[in-house]
Amino acid sequence: MNLVGYIGKSVSYSVAEVGAVFILLCVAVKRIPKAVRQKHLVVEQMLKMGVGSIPLVLVTSVFTGGVAAVQAAYQFQNYVPLRYLGSVIGKSVVIELGPVLTALVVGGRVGASIAAELGTMKVTEQIDALETLAIDPIRYLVTPRLIAGVIMLPIITIFADFIAIMGGYIVALVGLGINTHVYFTSLKLFLGGLDIFSGLIKAVFFGIIIAMMGSHHGLKTDGGAEGVGLATTRAVVSSCLLVLITDYVLASLLFRGVFAG
Amino acid sequence: MNDVMIEITDLTKSFGENQVLKGVNLRVNRGETVVVMGRSGCGKSVLLKHIIGLMKPDAGRIVVDGIEVTALGGEELIEFRKRFGMLFQGSALFDSLSVWENVGLGLLEHTDLSEEQVRRIAREKLELVGLSQVDDLRPSELSGGMKKRVGLARAIAMDPPVILYDEPTTGLDPIMADVINQLIRRLQATLQITSIAVTHDMNSAMKIGDRLAMLYGGRIVFEGTPEEVKATDNEVVRQFVEGRAEGPIPIYEE
């Protein structure tokens, strides 16, 4: 195929894809009033997303905090006193590492499972079956996942932030000889409400991205087992990419726009 | 009672280059069962999905009980589907739900009945298809024939006036296939349901159909009662009914 044709096709495919996700999001949001009446569906998804992710997030966060401490201590050498270690770890975890790493890990786990579940339902005609029972698949399947994502991602992020700061604390205490009082004093020194707020705003967006990418790719699955595999891969890859891109956009908006004055 | 329940006029549908339906015309009277026969991949399931509004035609009209399906969208379409029950080829049971929840899902979603009441109705419907003691099992714990019967119980759970069957006997052993045939017959006799079944199982078609229609080359090429089908000299129908490789139907579609 010639290059122009290829580029044209890719561009029109991408535009169509963005449009489809946007429409799905709009419909899913429109169905929120109906979906919240069926709390059990939302709660089920919240448990799957939240409770199921705890072990994974726990391990990721402990080591993230730990490595942040080790790296910061190395960078500080001879320039910055080690007693400021807590501030650096706190800020970097709460603003950036906590929300983004949580979203990447949860995106891999939850995004994949949403895409695989909805994809299997699609290829085994369960989605069609829902429609023949006069049940809107978006209201029944997508909206509960969207609500769960928006609520759970910030909660998991708070948990991850806390664990990462504790991971950093353990390394600081055991490996670097910084005592408890010094670590937590410097942690509080620069950490403001806005830092925490910005991290949680990011987490809300990441929750939307993970739920929507999983749902979109799941619902448009075709072609049996191979199609389900493809949908799963696409859901994970696209949600990871979108998380990183959205992170940059939000950081620019928040820290160079809103917060900067 | 000979009024028309379902009327399909000049229905066409293409997937890419491939025109599957090339102008299908079919009428189904109230309380009647019409079986659409045809080879695998000839567009039988596509036809069913158009009737219930899961697919949109390129051209043509479908009118069910005075309502034009093809003109509906959104909420209206969802409301319209409450008139239907559908049995899927692979049963399409929801594997995250138990058997009784599968059967009762429509009731749980659309009525104010309590969980206990829905459970009771689900159990009644399951008994109607000859199943008991399976309420709390998962679909993955059932055999193929049981899944089909649960699918059938789900299709009749809301007492719909119309039921669509997509290959009701495919993949079942001959005895279980006949059990399903008898069930379908009995449901029609007792509940006065209008049905369309698509199948390539001639045995089943002859047993459950009041009338049979042959879908070939994207059109209905023959319609008649089971007796008329047996007596016809239409070569296409003869070849299909007798299951011969030789005849006017090409083995590989172009």
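The figures here come from the full heavy-atom set of this structure, side chains too, leaving out hydrogens, waters and symmetry mates. Residue numbering restarts at 1 for every chain, and letters A, B, ... go by the order of the sequence lines.
Counting heavy-atom neighbours within 6.0 Å of B:R27 CZ, excluding the residue itself, gives a total of 12 or less. Other residues, nucleotides and ligands contribute at most 12 non-hydrogen atoms within 6.0 Å of the CG atom of A:D222. Taking a 6.0 Å sphere around CZ of B:R185, one finds it holds more than 12 heavy atoms contributed by other residues, nucleotides or ligands. Other residues, nucleotides and ligands place no more than 12 heavy atoms under 6.0 Å from the CD atom of B:E115. Counting non-hydrogen atoms of other residues, nucleotides and ligands closer than 6.0 Å to CZ of B:F15 gives a total above 12. Atom CZ of A:F159 sits in a crowded spot, with more than 12 heavy atoms from other residues, nucleotides or ligands closer than 6.0 Å. Crowding of A:E226 atom CD: a count of heavy atoms from other residues, nucleotides or ligands under 6.0 Å not exceeding 12.
Listed by sequence position, B:K49, B:I52, B:L54 are the residues of residues 43-57 of chain B in contact with chain A, using a 4.5 angstrom heavy-atom cutoff. Residues of residues 23-51 of chain A that come within less than 4.5 angstrom of chain B, heavy atom to heavy atom, are A:R31, A:K34, A:Q38 in numerical order. The stretch residues 119-133 of chain A places A:M121, A:T124, A:E125, A:Q126, A:D128, A:A129, A:L130, A:E131, A:T132, A:L133 near chain B, each with some heavy atom under 4.5 Å from a heavy atom of that chain. Contact annotation for residues 81-101 of chain B against chain A (heavy-atom separation below 4.5 Å, listed by residue number): B:R81, B:K82, B:F84, B:M86, B:F88, B:Q89, B:G90, B:A92, B:L93, B:F94, B:D95, B:L97.
Between B:H110 and A:I135, some side-chain heavy-atom pair lies under the 4.5 Å cut-off.
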